[in-house]
Amino acid sequence: MISNSNTDLNHMQQRVDNFIGQFKEGYFSPLSMTARLTEELGELAREVNHYYGEKPKKDTEKEKLIEEELGDLFFVLITFANSLGIELSEAFDLSMSKIEKRDQNRWTMKDEENK
């Protein structure tokens with residue numbers, strides 16, 4: 001269920017901007033946003049470790065989903081981009097073009113019959 005439309009990403013950025021725009025405080029500073037990204041990434045890493053690693057949850061720990069943690073991380077990433085006036089669809093296109101060129105021969109291609 002992957003969409004190829006940039007409008008989805010643009011809509012998400014606008015939705016976050018509408019939410020943040022309700023408050024006098026507005027967006028956090030870039031340094032605070034970086035700290036928040038790090039915090040959310042740590043929470044995602046903890047959940048991945050619980051599900052796929054060797055560290056089981058404590059009985060007292062709240063059940064969380066990896067999907068929820070990815071969503072939290074994505075929200076903070078969007079707020080960070082918005083605070084700096086960066087359109088994520090453009091940033092993604094730049095990055096993807098770079099990766100497609102740089103990494104096109106890095107890994108073994110699937111056989112045509114297995115695609």
Side-chain angles (χ1 to χ4, degrees):
M1 188 173 254
I2 297 175
S3 171
N4 290 327
S5 174
N6 286 342
T7 59
D8 292 340
L9 192 50
N10 293 339
H11 173 75
M12 287 186 263
Q13 283 194 259
Q14 187 60 54
R15 186 174 173 189
V16 168
D17 195 56
N18 291 343
F19 177 76
I20 299 295
Q22 302 176 90
F23 307 106
K24 290 180 183 179
E25 294 80 5
Y27 289 104
F28 294 154
S29 71
L31 186 57
S32 291
M33 297 300 276
T34 302
R36 288 199 63 211
L37 274 171
T38 303
E39 177 185 345
E40 293 299 342
L41 183 58
E43 291 177 13
L44 173 62
R46 183 176 181 87
E47 288 307 308
V48 170
N49 196 19
H50 288 319
Y51 284 98
Y52 301 105
E54 289 72 38
K55 186 178 180 184
K57 279 191 178 285
K58 296 177 188 174
D59 292 337
T60 57
E61 286 183 285
K62 179 182 159 192
E63 189 66 29
K64 289 187 178 179
L65 300 174
I66 291 174
E67 179 180 35
E68 178 182 349
E69 296 303 336
L70 280 170
D72 290 348
L73 183 63
F74 198 51
F75 172 80
V76 175
L77 181 64
I78 292 171
T79 59
F80 195 10
N82 284 359
S83 73
L84 297 174
I86 295 171
E87 189 173 325
L88 283 172
S89 60
E90 291 177 11
F92 174 78
D93 286 341
L94 286 171
S95 184
M96 198 65 213
S97 293
K98 173 187 70 178
I99 291 166
E100 287 168 338
K101 182 177 180 183
R102 181 191 67 201
D103 296 340
Q104 65 184 342
N105 297 313
R106 183 173 284 199
W107 295 282
T108 306
M109 297 295 280
K110 291 181 179 181
D111 294 334
E112 287 296 320
E113 59 197 47
N114 291 334
K115 283 189 177 180

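Values below: every heavy atom of this structure, side chains too, minus hydrogens, waters and symmetry copies. All of these numbers come straight from a predicted model, not from anything done at the bench.
- Atom CD of Q22 is surrounded by more than 12 heavy atoms from other residues, nucleotides or ligands within 6.0 Å.
- Y51 OH: more than 12 foreign heavy atoms inside a 6.0 Å radius.
- Distance check, rounded to the nearest 0.5 Å: CG of L41 to CG of L73 gives 6.0 Å.
- Atoms CZ and CD1, from R15 and I20 in turn, are 12.5 Å apart once rounded to the nearest 0.5 Å.
- Once rounded to the nearest 0.5 Å, the distance linking CD of Q13 with CG of L77 reads 8.5 Å.
- To the nearest 0.5 Å, atoms OH (Y52) and CD1 (I66) are separated by 4.5 Å.
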Q. Stepwise, does the side-chain contact (heavy atoms from CB on, under 4.5 Å) test hold for E47 with K57?
A. CA-CA 9 Å; E47 288 307 308; K57 279 191 178 285; 2.9 Å; yes
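- For the side-chain hydrogen bond (donor to acceptor under 3.5 Å, both in side chains) test, no residue two or more places apart in sequence or in another chain qualifies with R102.
- In this structure, the separation between OG on S89 and CE on M12 is 10.0 Å, given to the nearest 0.5 Å.
- Looking at residues two or more places apart in sequence or on another chain, you find no side-chain hydrogen bond (donor to acceptor under 3.5 Å, both in side chains) involving K55.
- Within a 6.0 Å sphere centred on CZ of F75, other residues, nucleotides and ligands contribute more than 12 heavy atoms.
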Q: Using the side-chain contact (heavy atoms from CB on, under 4.5 Å) rule, take Y27 and D17 through it: C-alpha gap first, then chi angles, then the decisive distance, then the call.
A: CA-CA 9 Å; Y27 289 104; D17 195 56; 2.7 Å; yes
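- In this view, E40 satisfies the salt bridge (Lys or Arg N to Asp or Glu O under 4.0 Å) rule with no residue, not counting sequence neighbours.
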Q: Please step through side-chain contact (heavy atoms from CB on, under 4.5 Å) for the pair D93 and E90, ending with a clear verdict.
A: CA-CA 5 Å; D93 286 341; E90 291 177 11; 5.6 Å; no
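- F92 CZ to L9 CG: the interatomic distance, rounded to the nearest 0.5 Å, is 9.0 Å.
- Taking hydrophobic clusters as Ile, Leu, Val, Met, Phe, Trp and Tyr residues chained together by side-chain heavy-atom distances below 4.5 Å, L31 does not share a cluster with M33.
- No continuous path of hydrophobic side-chain contacts links L94 to I86 [ILVMFWY only; heavy atoms under 4.5 Å].
- In the hydrophobic cluster analysis, where Ile, Leu, Val, Met, Phe, Trp and Tyr join through side-chain heavy atoms closer than 4.5 angstrom, M109 is grouped apart from W107.
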